[in-house]
Protein chains: 2
Amino acid sequence: MKQSYNNGVEATLGVIGGKWKPQLLCHLGNRPQRTCDLRRELPAISQKVLTQQLRELESDGIINRHISGERAPFKVTYDLTDLGRSLGQILVQMSVWGEQRASQVPDMEIANDHGGFSNILTTN
Amino acid sequence: MKQSYNNGVEATLGVIGGKWKPQLLCHLGNRPQRTCDLRRELPAISQKVLTQQLRELESDGIINRHISGERAPFKVTYDLTDLGRSLGQILVQMSVWGEQRASQVPDMEIANDHGGFSNILTTN
DNA sequence: GGTAGTAGGTACTTTTTGGTAACCATTGAT
DNA sequence: ATCAATGGTTACCAAAAAGTACCTACTACC
């Protein structure tokens, strides 16, 4: 089915808009990661949702999935594609804007800054 | 209730992430608009959701609401706050990224480009 | 043989979000 | 007197997103 957006911003939100995607992208922005690494770094995400969001990012061409080993236990690694890396600037700016805002609004907090994207900033 | 985000990107998505917010922000980025103007420009949005999203943007400090007239029919005008204008760059970049992506993915289209944000680009 | 680690799937439920339809109050125009 | 325009509100419903719980399959360890 052909998906239709009203503007570019929506199209972009369709890619980075999931609840966990920003954090996943950040961790993958640092370095390639295995599934179990991501689960350790984001203990609150369930397997189902993790797999789901990784599959979506993969089918959107943002990350690559590499499997090594023919029989279980498999070693599955994810990393950013070039397209994924091209989101870096946007994510950094959103991160900065959001952090600045959170620091000014008393009723808002950034819990455990998994994914400040400052790391991406240094590597881009 | 204190709202908590895991990182700045989520905090930003909390503000611009609604289904109609990017479009509303774009139209308001052009010039101040009345409720009925917005409804004419976005015929698909329902009254309820329009009011809802405008209220959220307002309570997030992104837009201002001005009422003129004491008795109905009121004249209600919305415009961007400084904070709202500070989102301009991010929205433009997201717009550009999304449009570029849509032009490369055959199964994706930008329907009726309400809110390309190129206008914001020129005024910022 | 039991347990933990690895990567994932499926069924079901809950929460969040968006949409429909009907309503209020007021004014001005026909 | 009735209707359209203006700017909402409310109760109810539907769809989307996320979460829970349990399942597979294989290996290595003790």
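Residue numbers begin at 1 in each chain, while the letters A, B, ... track the order of the sequences. Heavy atoms only: backbone and side chains are in, while hydrogens, waters and symmetry mates are out.
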Side-chain N or O of [X] versus OP1/OP2 of [N]: is the shortest distance under 4.0 Å?
X	N	value
A/Lys48	D/dA17	no
A/Lys19	D/dG19	yes
A/Gln53	D/dA18	yes

Using distance alone, with no hydrogens and no angle criterion, decide if B/Glu109 and A/Gln3 have a side-chain donor and acceptor under 3.5 Å apart.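 Their side chains do not contain a donor-acceptor pair, so the 3.5 Å distance test is not met.
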Classify the side-chain pair B/Asp37/B/His27 by whether it contains a donor and acceptor separated by less than 3.5 Å. no
Out of [options], which nucleotide sits closest to the side chain of [X]?
X	options	answer
B/Thr51	C/dT20, D/dG7, D/dG8	D/dG8
B/Val76	D/dG19, D/dG7, C/dA7	D/dG7
A/Phe74	C/dT26, C/dA7, D/dG8	C/dA7
B/Pro73	C/dT26, C/dT6, C/dG8	C/dT26
B/Arg34	C/dA7, C/dG18, D/dG7	D/dG7
B/Gln47	C/dT26, C/dG8, D/dG8	D/dG8

What contact category does B/Glu56 fall into here, base, sugar-phosphate, or nothing, at under 4.0 angstrom with non-hydrogen atoms? nothing
Just call it for B/Arg39: base, sugar-phosphate, or nothing, with non-hydrogen atoms closer than 4.0 Å on any strand. nothing
Can you check whether B/Leu42 reaches B/Ile45 side chain to side chain, under 4.5 Å on heavy atoms?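 They are in contact (side-chain heavy atoms under 4.5 Å apart), so the answer is yes.
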Heavy-atom nearest nucleotide on DNA chain C for A/Arg55 versus B/Gly17: which residue maps closer to 5'?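 On the 5' side of the pair lies A/Arg55.
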Under 3.5 Å, side chain of A/Thr12 to main-chain N/O of B/Gly98, donor-acceptor pair present?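 Yes, because the side chain of A/Thr12 sits within donor-acceptor range (under 3.5 Å) of the backbone of B/Gly98.
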